[in-house]
Amino acid sequence: MNLYYRPVSYFILICILAGIIASEILYIRKGDGVISILLQIFLLSFLIRVGIFYNFPSLMGYDAYFHASMARIITDTGFVAPIQISSKYFYYPLAHILISVTQIMGKIDIKDAIFYSIGFASVFSTIGVYLIGKKLEGPQMGLLATLLINLNNHNIVAGIANITPGSLVLCYFIFIIYAIFSEKQSLRHTGFILLITILMVLTHQLTTFVVFVSLVSIYVGKYLHNHLYKSLPIRTNSFNYILFFIISLQTYWMFTYVNPNTSFFEMILSPLMDVLQVGTSYSSQELILGSVNNQETLETLLLHISYLALPFFAIGGVLAWFSRGDVKKVNKFSISIVVVILYSLAYGIPLLGMRNFLTSRWFPLISVFLVLVAASYMLKLVSLFNSKKAKIPTIFIIVLLFSFVMVTTPGINKDNPLVAKDTTVRNQFKDIEIQAIKTISAKYSGNILMDSPYDSCLFYRDRGYDSGNATYFNIQHIQTGEIGGNPMVLLRKSTLTEPISINDPERYGVNSIQTLPEEFFNRFEAQDYALVYDNEEVSGYIKERRGTRK
């Protein structure tokens, strides 16, 4: 019941429960009821997400605060915020409307509304993963794939730790993939796919683009399979659907704007033209590794395992599906092709120096395919043993270790990371930190300078304060100690021991993770600054005019 803290035993018990559910899945055969196991998987998923989401009174993530603000405006006014406030999301409001409707109907606050709308949807939509897996190999694979996607750290981030409109697109995506692989041809089925496609286009930009690339990759796989193995040809309506998708996407991108002079389509296209003409300004090391952080070997190993565990099993699954036994099955072949294409693009686009495609956010959608091939490979590994006495401990250990490296990753445990504590930026806030923003913004209307991500806490500001008056420290402030203008400077004492994100204004997307040096703190105890606020956790300073301090 203690906020801000979860003991190691919590993570161990969660992982044991995941292992027990995986062991239970081995007893399932065709024709058996699976409802009880699906409910166990969903309950486990909710337990993990509740532990993350409600451990702090604030929201979690970076973009989540902005999108919560948009939803709150709809709740307060009944209208989508004008483009001057909501920017490009004026044209992509469906996730915000869903959260607002949930808040109004449930008479709850915005935090609960986010959890009960997007959070619940992100879990229950994984029933589609079960249905796809069941069609491919049977209920065992479907159940195990559903368990894996609910444990996967990328999907936990997308589904609860940093809610965005892309989180809702992920839910649509799972069902549209199931609809495609079910291969039904009824008018109701076609209408459902077209409706979901339109909803996706109206919900988010780049996430929908990844959906489009995924669907094209599926049909490329089917075409190649037909060419190589003479399987059934792709139906004409499949090509018509892809054509409908690309026309809808391009048309909407051309008529939606990120600023008064630039359409979203131009914003995406222009960096590609720049790269082709003049190249990239990022070094190869930055493109591949990002900002360099010094970490111990064990920490580096554990961090890498947490993001490579699913691809490791997926690679084995892809190779198995390309083997003689499975390669002639068109759906398995096309899914394997999707994995190859999406991974090539996700890592290849950044190597061109393009950051505007945000390929790091592709992985929750790619994981929909990864968990299918990974679950298949795990079951193949277990099948190498002849007796259940060997199979049960094997699957138990595999899933226990898999879940442990997933649910302990710093990406979803900002409060109590078991590894990389020195490089994990906490973006959830304590009551005392929230109260500081509430108090100061109610009394002070001028410029405020603070650390990132504490600037996200402006979500809790007094409604009369203009958040455009606030900004955050950059590398020049830290290195030179020079601060232009006369802003109020907010310093959190926790930043002396907890790292924050310091950006370089000269290089987009390049941040360093570090604690604030004591010398930076001491500067504000000098003669030219006055302490105007202090609640033992957050201090506020304003530069004094010469001759006013006594």
Side-chain angles (χ1 to χ4, degrees), residues 61-63 65-66 162 271 274 279-296 299-300 303 350-351 353-356 358-361 410-411 414 417 420-429 433 436-437 440 446-459 467-526 528-529 537-543:
Y62 297 93
D63 297 338
Y65 286 95
F66 170 81
N162 190 30
D274 291 341
T280 174
S281 61
Y282 294 88
S283 69
S284 59
Q285 185 179 29
E286 287 173 343
L287 288 170
I288 298 172
L289 300 176
S291 56
V292 177
N293 296 312
N294 294 321
Q295 294 171 334
E296 296 180 2
E299 284 191 340
T300 302
L303 284 172
L351 289 175
M354 297 174 61
R355 297 291 179 90
N356 59 333
L358 300 176
T359 54
S360 62
R361 299 190 185 183
K414 306 295 187 182
K421 200 174 186 70
D422 294 336
T423 54
T424 300
V425 178
R426 172 169 62 88
N427 56 16
Q428 293 169 292
F429 304 103
E433 294 171 324
I437 292 294
I440 291 172
N447 296 330
I448 298 177
L449 185 64
M450 61 189 78
D451 69 82
S452 177
Y454 190 39
D455 58 311
S456 299
C457 215
L458 288 165
F459 177 77
S467 61
N469 290 336
T471 185
Y472 50 87
F473 304 131
N474 60 47
I475 194 68
Q476 294 174 355
H477 295 141
I478 307 302
Q479 290 178 347
T480 67
E482 296 180 1
I483 295 175
N486 295 301
M488 175 182 287
V489 180
L490 292 188
L491 295 174
R492 288 189 296 155
K493 292 181 174 61
S494 62
T495 58
L496 286 168
T497 55
E498 294 181 14
I500 60 173
S501 180
I502 306 294
N503 85 306
D504 185 345
E506 302 297 326
R507 301 180 73 79
Y508 175 74
V510 176
N511 297 313
S512 61
I513 307 301
Q514 65 178 77
T515 57
L516 286 177
E518 284 193 32
E519 303 80 54
F520 186 71
F521 266 69
N522 294 338
R523 171 177 170 74
F524 299 99
E525 295 294 336
D528 52 348
Y529 280 92
E537 179 67 27
V538 181
S539 300
Y541 295 89
I542 289 182
K543 185 177 289 187

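Note that the numbering runs from 1 along the sequence shown for the chain. Any value given below was found using the heavy atoms of this structure, including those in side chains, with hydrogens, waters and symmetry copies removed.
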Seminar exercise, completed: K493 meets the side chain to side chain donor-acceptor pair (under 3.5 Å) criterion, sequence neighbours left out, with D534, S539
Problem set entry | Partner residues of R361 under the side chain to side chain donor-acceptor pair (under 3.5 Å) criterion, sequence neighbours left out | D63
For this session: Apply side chain to side chain donor-acceptor pair (under 3.5 Å) to Y454 and list each qualifying residue two or more places apart in sequence or on a separate chain.
Result: none
For this session: Show your working on side chain to side chain contact (heavy atoms under 4.5 Å, CB included) between V489 and K543 and close with a plain yes or no.
Result: CA-CA 9 Å; V489 180; K543 185 177 289 187; over 6 Å; no
For this session: Report the C-alpha distance between Y62 and V425 in whole Å, list the side-chain angles of each, state the deciding distance to 0.1 Å, and finish with yes or no for side chain to side chain contact (heavy atoms under 4.5 Å, CB included).
Result: CA-CA 11 Å; Y62 297 93; V425 178; 3.7 Å; yes
For this session: Answer yes or no: is there a side-chain heavy-atom contact under 4.5 Å between L496 and E518?
Result: yes
Exercise. Is the count of non-hydrogen atoms from other residues, nucleotides or ligands lying under 6.0 Å from D422 atom CG greater than 12?
Worked result: no
Problem set entry | Under the ring pair (Phe, Tyr, Trp, His ring centres under 6.0 Å) test, residues paired with F66 that sit two or more places apart | Y89
Seminar exercise, completed: Residue set satisfying side chain to side chain donor-acceptor pair (under 3.5 Å) with Q428, at least two apart, ordered chain then number -> none
Exercise. Y541 pairs by ring-ring contact (aromatic ring centres under 6.0 Å, His included) with which of F521, F520, F524?
Worked result: F524
For this session: Determine, for E433 against R492, whether the closest basic-nitrogen to carboxylate-oxygen distance falls under 4.0 angstrom.
Result: yes
Seminar exercise, completed: Those residues at least two apart in sequence (or on a different chain) that pass ring pair (Phe, Tyr, Trp, His ring centres under 6.0 Å) with Y472 are none
For this session: Can you measure from CD1 (I478) to CD1 (I502) and round to the nearest 0.5 angstrom?
Result: 4.5 Å
